2 protein chains.
Amino acid sequence: MTQEAANRTPRPRAPAVSRRAVLDAAARLVEEQGVAGLSMRKLAAELGVAVTSIYWHVGNREALLDELVQEMVHGLDTLPAAGADPVARVLSLAAGLRRVLREHPHLIGLVNERGLTPAMFLPSQRALAAEVSAAGLTGAQAAEAVRAVQYHVIGFVVVERRTDRSPEQRPSAEELWSAEPGADPALARELATPVDLDRLFAVSTGALVRALLGG
Amino acid sequence: MTQEAANRTPRPRAPAVSRRAVLDAAARLVEEQGVAGLSMRKLAAELGVAVTSIYWHVGNREALLDELVQEMVHGLDTLPAAGADPVARVLSLAAGLRRVLREHPHLIGLVNERGLTPAMFLPSQRALAAEVSAAGLTGAQAAEAVRAVQYHVIGFVVVERRTDRSPEQRPSAEELWSAEPGADPALARELATPVDLDRLFAVSTGALVRALLGG
DNA sequence: ACCTGAACACCGTTCAAGT
DNA sequence: ACCTGAACACCGTTCAAGT
């Protein structure tokens, strides 16, 4: 082919994608397939564009994930507290926090890895602080109560996320306990039963909050 | 080169590595660089062997990680409980559990992902069950107390693992709170201070256990 | 301003072939 | 029984070159 012929057939060029479009497509990929399912090449294919275009818009994969996480954190609204007394109101905050966390199963791990947990939970921390103050706690004791509730709720959700996702547990706690000699048989029977996570959350959080607030 | 010449220079062959050697090298790699740092090719290079030999010994990467996790779970000894009353003994169990978990920062996440948490914590669950029974709880209530303590401790460690690892938090809870108007200034000042994780663990676990066991 | 392909240095995995 | 290289289908990223 001569130089002129090459010049007359210009390289085909896809329409420009926006940074927004890249972020949205990436968010959808993560939602559907988890973080490991997000590859720059898949993303480019999805958008009908060369891989390298993605780099122009978002820098690189790490920066992309950073941005996704950042947006999720900003999207979290302050949770409303409901109930007559501080204990009830803190418990409703805790339940709301758990609900929100469960709605973003893939991103919460990322938030944690990126050290954005404090920013993510500032709104709920503020609300918790108000209730703890209303309950009469002050200073260091109040701060510990606020943090204790936060760590408890976040930790619970992270752990329960696995409990209900991994389909096949080998061996299950149930099997392990039914083969257990000695010990209180009634307790062993209970521990050989699948966990009721909603109930466990309510019981443990209730106990913790009442103890901390002296309800 | 003729056929005969090719036959006279045999392909060099590294001495056989054992499955054990593969597992040990893998464990060291994970320890040093985290799970993402474990690649089949690095592992082979480390052992002075072709990549494909690794596959003969351990199947594939997933199976390798499974095996590592399995071994760590089996390596966990039953924790000793110390203290005069059930509350003190449960708290010493909780502290021991936390200590062990912190010693295996890379593997604990894997254990969780693989749904091995129940197997991993059966020994501590047994010990907790004994103490909870000694405190006078039975049946469903006792089972809930056992599980509440376990979820609390595991969750706390998972969350704190990030808190102290991520070097640069942007923005930090401290910055966020010092820019906060209104609210109890003493409480705000406290929340603007870095967390004392040992103290927070002691306070929250203490409150939870006392509430559950009625100490 | 934004898209392009070529290229580099990585991956995990399978396979047929060696010894 | 166990090691080998070739090959495949993936990665993330950089670069110079287009329009």
Side-chain angles (χ1 to χ4, degrees), chain A residues 1-27 29-30 32-69 110 113-114, chain B residues 1-27 29-30 32-69 110 113-114:
Chain A
M1 209 198 280
T2 68
Q3 269 293 103
E4 289 99 39
N7 285 347
R8 236 180 281 112
T9 49
R11 194 149 34 175
R13 204 180 196 264
V17 291
S18 60
R19 177 181 161 83
R20 252 287 35 96
V22 173
L23 290 171
D24 290 345
L29 263 178
V30 170
E32 286 166 8
Q33 316 192 24
V35 183
L38 172 67
S39 91
M40 304 300 267
R41 293 172 129 102
K42 269 198 246 171
L43 194 50
E46 191 112 340
L47 291 165
V49 109
V51 209
T52 38
S53 299
I54 306 291
Y55 283 84
W56 194 90
H57 284 290
V58 297
N60 57 34
R61 189 172 183 269
E62 268 310 285
L64 208 190
L65 287 175
D66 268 336
E67 187 59 33
L68 284 186
V69 161
L110 276 183
E113 267 168 35
R114 267 136 231 275
Chain B
M1 211 198 281
T2 68
Q3 269 292 104
E4 289 101 39
N7 284 348
R8 235 179 281 113
T9 50
R11 195 156 23 181
R13 203 178 194 265
V17 291
S18 61
R19 178 182 161 82
R20 248 292 32 97
V22 172
L23 291 170
D24 290 345
L29 264 177
V30 169
E32 286 166 8
Q33 319 192 23
V35 183
L38 172 67
S39 89
M40 303 300 268
R41 291 171 128 104
K42 269 198 247 171
L43 195 49
E46 190 110 346
L47 292 165
V49 110
V51 210
T52 38
S53 299
I54 307 291
Y55 284 83
W56 195 89
H57 284 290
V58 297
N60 58 34
R61 189 171 183 272
E62 268 311 285
L64 208 190
L65 287 174
D66 268 336
E67 188 57 33
L68 284 185
V69 161
L110 275 183
E113 267 167 34
R114 267 137 230 272

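It should be emphasised that the depicted structure is a prediction, and the values quoted were computed from it without experimental measurement. Letters go in sequence order (proteins before strands), and every chain restarts at 1.
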### Message
Using a 3.5 Å limit on both distances, find every run of at least three consecutive Watson-Crick or G-U pairs that involves DNA chain C.
### Response
C:4-8 with D:12-16, C:12-16 with D:4-8
### Task
Side chain of A/Ala14 only, please: which of C/dT4, D/dT4, D/dC11 is the nearest?
C/dT4
### Task
For A/Ala27, enumerate each residue passing the side-chain contact (heavy atoms from CB on, under 4.5 Å) test, keeping only those at least two apart in sequence or located in another chain.
A/Leu68
### Query
Within a strict 4.5 Å, meaning less than it, do heavy atoms of the B/Val58 and B/Glu67 side chains meet?
no
### Contacts of B/Gln33 that satisfy side-chain contact (heavy atoms from CB on, under 4.5 Å) - sequence neighbours left out
B/Leu29, B/Lys42
### Query
In chain order, what residues pass the salt bridge (Lys or Arg N to Asp or Glu O under 4.0 Å) check against A/Arg41, with sequence neighbours excluded?
none
### Euclidean distance, atom CZ of residue A/Arg20 to atom C1' of C/dC2 [Å, nearest integer]
18 Å
### Query
Can any side-chain N or O of A/His57 pair as donor or acceptor with the backbone N or O of A/Val17 at less than 3.5 Å?
yes
### Task
Whole angstrom is fine here: how far is it from CZ in B/Arg19 over to P in D/dA1?
15 Å
### Message
How many whole angstroms separate atom CD of A/Gln33 from atom C1' of D/dC10?
### Response
14 Å
### Task
May I have the distance from B/Arg41 (atom CZ) to D/dA9 (atom P), rounded to whole angstrom?
15 Å
### Interatomic distance where CG belongs to B/Leu38 and C1' belongs to C/dC10 [whole Å]
15 Å
### Message
Run the side-chain hydrogen bond (donor to acceptor under 3.5 Å, both in side chains) test against B/Asn60 and tell me which residues pass, sequence neighbours left out.
### Response
none
### Task
List in chain and number order the residues that pass side-chain hydrogen bond (donor to acceptor under 3.5 Å, both in side chains) with B/Glu62, two or more places apart in sequence or in another chain; answer none if no residue qualifies.
B/Arg114
### Summary
Across all chains, not counting sequence neighbours, the salt bridge (Lys or Arg N to Asp or Glu O under 4.0 Å) partners of B/Arg13 are none
### Message
Judged by each residue's nearest nucleotide on DNA chain C, which is more toward the 5′ side, B/Glu62 or A/Arg13?
### Response
A/Arg13
### Query
Between D/dC8 atom P and B/Met40 atom CE, what is the distance in whole Å?
21 Å
### Proximity to DNA chain D (any heavy atom under 4.0 Å), residues of residues 45-61 of chain A only
A/Val51, A/Thr52, A/Tyr55, A/Asn60, A/Arg61
### Task
Kindly write out the residues that satisfy side-chain contact (heavy atoms from CB on, under 4.5 Å) with B/Thr52, not counting sequence neighbours, or none if the list is empty.
B/Ala50
